[in-house]
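The structure appears right after this line, and notes come after that.
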Amino acid sequence: MHSYLIKGICSILLLFFFSAHSQKNKKDTGYTFFGIIPNTVDAQLYRQLKNSPDVTTRLKLIEKIAQIHLQAGNTDSITYYGDLLKTTALKENITNKPLYLSIANHIIGHGKLKNGLYDGAMRHFIEGITNSPIPEMQTMHYKHQLGLGIVYLEQKKYELALPIFESCIAESKNKEIIILAGKFLGDIYFYKNNSEKAKSYYFSVLDDLPDTPNKISIEVRLKLGRIELFSDRTIKAMEYFMPAKEQAQENHFYDLYIEAVYQIGRVYYKLEDYDSAEMILNSAYVNAVQWNRLELQKRLIEMLKSLYATRGNYKNAYALMTQYVDISNRITTKQNKKIVKELEVKYQTLQKEKEILSLKEERLLKESELERQRTIKKAFLIGFLAVLLPVVGLLFMYFQKLKTQIALNKSQEEVNTQKVYGLMKDQELNLIKATMEGQDKERQRLARELHDSVGGNLASIKLQLSNSDKTDDQEASIIKQVDETYNQVRDFSHNLIPKKFQKNPITSLIKEYINNVINGSGQQISFHPYPKNQINQISPTLTEELFKIIQELLTNCLKHAKAKNIDIYLNHHDDSIQLLFEDDGVGFESGKAVDGIGFKNIKTRLSTLSGNMFIDSVIQRGTVINIEVPVA
């Protein structure tokens, strides 16, 4: 009761805080809190671009417009003007072509990055590193290095991102790049849940930045707010999020504006003020769709799905998961993994070559010193050999003895292994024999029942039917015997289905099984049936098959996925049962994966049920499995 009172007070304070900031925002800027439409580029620039007299002016204007969109976070416009800059530079004969190509790759890479297209972003940053040598384009070289580090950071490859950012700080002479590298080092420790180290980097970055609002300072304050929110200090978190939202809006940083709104929605969700959270998150989702921010759409859908599931609105939660799968497919379709992998290998090869050159220089410096020491070592070596030879002889004798002992031990171990293997085989044969005897007894019992009861009834019915002179009483008797025979056959078929699937509803069986798994594994597993009454009315045969499919999915997930959270949705919709299985594990490349025994068993069962299965999985991004089975 005490915790609910505290959350209520916090919610009231935050609503007052939110209302005051919203009124100020509306008065100063003319915008309402949500639904801002980006309009960051002066129309005069577009007119100048259209009427530009020469290619140099045109390139400068394209770059200027692209940089404005990059600051605002308008992903489609960033990619469009980046591509336009690259195409124009390639087509025209200009002296500073390499510089414009490098700038274009930097712009396009960040456009891809903001849309979650990490493979495409990596391709452009690596191409920029390769084509921007340090002597001629030091600043652009390290900007591409930073971009590549951000891609690894977003992919959670922290061991690859860390040395890149440290290298930028140690080797770059550009203050902006050093500050950005420090900020991203803070991000690494933020994502690794080392809050204190992350905060030390963030406050150091804020100390090095001017007091006027800029994109880096707003990003840092959003991260500091998230640290406070993680520690349940919601008022302190809002003191970071609200100014960040307003500064992002005033300076036309629309990507950070959506991020701030998303974090504010998370605050209300954490306080269980679901109505406010739903309004804020839906508004942010509308902006993300308008501005084609695919990766942010996925995050907002996940948050809204959790909100609807918490409120028991599983129908909307399932509908959002369908959108989630669609967006994941769109992101996957836009990746060009083969080219990116080749470029990544090329980049890593260049890095290795750079290390080799450095080692060669060190070797040349040390070679003269080694030559001087070599003469001294020869004298010591002759004396050492005079002492070493007798020791080697003794060691050789000891080694021979040890080798003989090892061979004897190995021989004894093989004998013991054979004995254990023989005992295991005997036990396995006894188990198989007992199973076959049980099956034979069951077959004999069913054969006796069919012969004695069903067979006897059918023989009697046949004799009576062969008598052409039947009275009404005889016909009634025949009908009665046919009915008894039918009931006997039905009883046999029901006895073949395990009793637990006949007597218990499927939701109870699944919940009981999940509780057993949770007690044994420690994973967070949730099960959401909707609507529960209709699901519990499906046939025992379908109940048994669905139960076994869920068993297979959970077994595979526990063995391979390394997931912390697993969600299972079971919905009865129209004339079909829809099973949605989601985990946040390591994932896999669904196009390259080979089906194991578990997936083969599931596909065999679905083939019998006329069902189908769709798998969406990305490495380090978890797995979503969607199964649909018609209800007869």
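Not measured: the values here are computed from a predicted model.
- Inter-residue side-chain proximity for M238 and Y268 is flagged as met; some heavy-atom pair is nearer than 4.5 Å.
- At a threshold of 4.5 Å between non-hydrogen side-chain atoms, the residues L185 and I169 count as touching.
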**Prompt:** Given Y269 and S306, is the side chain to side chain contact (heavy atoms under 4.5 Å, CB included) satisfied, shown in steps?
**Reply:** CA-CA 10 Å; Y269 177 82; S306 298; 3.9 Å; yes
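- The backbone N or O of G585 lies less than 3.5 Å from a partner atom in the side chain of D583, making a donor-acceptor pair.
- By the neighbour-count criterion of 12 heavy atoms within 6.0 Å, atom NZ of K215 is densely surrounded, having more than that number from other residues, nucleotides or ligands.
- With respect to K183 and D187, a salt bridge is recorded, a charged nitrogen being found less than 4.0 Å from a carboxylate O.
- Within 6.0 Å of OH in Y191 there are more than 12 heavy atoms belonging to other residues, nucleotides or ligands.
- Distance alone, capped at 3.5 Å, places no donor-acceptor pair between the N96 side chain and the L99 backbone.
- Checked by atom type and distance alone, the side chain of S217 never pairs as donor or acceptor with a backbone atom of P213 at under 3.5 Å.
- Here the closest non-hydrogen pair linking K86 and N105 is NZ-OD1, 3.1 Å.
- Ion pairing between D76 and K114 fails under the 4.0 Å rule for side-chain N and carboxylate O.
- When every heavy atom of T139 is checked against every heavy atom of I177, the shortest pair comes out as O-CD1, 3.5 Å.
- The backbone N or O of K64 lies less than 3.5 Å from no partner atom in the side chain of H69, so there is not a single donor-acceptor pair.
- Of the possible donor and acceptor atoms, none in the side chain of S102 sits under 3.5 Å from a partner among the backbone N and O of P98.
- Contact of the D616 side chain with the F614 side chain is registered, since non-hydrogen atoms from C-beta on lie closer than 4.5 Å.
- Test D119, L160, I150, I619 against Q155 for side-chain contact (heavy atoms from CB on, under 4.5 Å) and you get one pass: D119.
- The distance between the ring centers of H110 and F125 falls below 6.0 angstrom.
- The number of heavy atoms from other shown groups lying within 6.0 Å of CG (D207) is above 12.
- No donor-acceptor distance shorter than 3.5 angstrom exists from the side chain of S204 to the backbone of S200, with no hydrogens or angles considered.
- In this structure, the side chain of T322 engages the main chain of Y318 through a donor-acceptor pair within 3.5 Å.
- Between Y189 and Y201, the angle of the ring planes stays under 30°, which puts this pair in the parallel group of the 30/60° scheme.
- Under the 30°/60° scheme for interplanar angles, the aromatic rings of Y81 and Y46 are found to be tilted.
- No donor-acceptor pair under 3.5 Å is formed between the side chain of K564 and the backbone N or O of Q523.
- Counting only N and O atoms by type, the side chains of E63 and Y100 include no donor and acceptor under 3.5 Å apart.
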**Asked** Going through the checks in order, is the side-chain hydrogen bond (donor to acceptor under 3.5 Å, both in side chains) test met by Y240 and Q263?
**Response** CA-CA 10 Å; Y240 282 110; Q263 297 300 336; over 6 Å; no
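- At a threshold of 4.0 Å, the pair E92-R58 counts as salt-bridged, since one of the basic side-chain nitrogens sits closer than that to a carboxylate oxygen.
- Of the possible polar contacts, none joining the D54 side chain to the S52 backbone as a donor-acceptor pair under 3.5 Å is found.
- The pair R221-E239 fails the salt-bridge criterion, with no side-chain N (NZ, NE, NH1 or NH2) lying under 4.0 Å from an Asp/Glu carboxylate O.
- Salt-bridge formation is not detected for the pair K223/E259: no Lys NZ or Arg NE/NH1/NH2 atom is positioned less than 4.0 Å from an Asp or Glu carboxylate oxygen.
- Atoms CZ and CG, from F165 and L180 in turn, are 9.5 Å apart once rounded to the nearest 0.5 Å.
- Remark: side-chain polar atoms of S132 are paired, donor with acceptor, to backbone N or O of G128 under 3.5 angstrom.
- A pairwise comparison of heavy atoms in G587 and S617 identifies CA-OG, 3.4 Å as the closest pair.
- Within a 6.0 Å radius of CD in Q524, other residues, nucleotides and ligands contribute 12 heavy atoms or fewer.
- A salt bridge between E228 and R233 is present, with a side-chain N of the basic residue lying under 4.0 Å from a carboxylate O of the acidic one.
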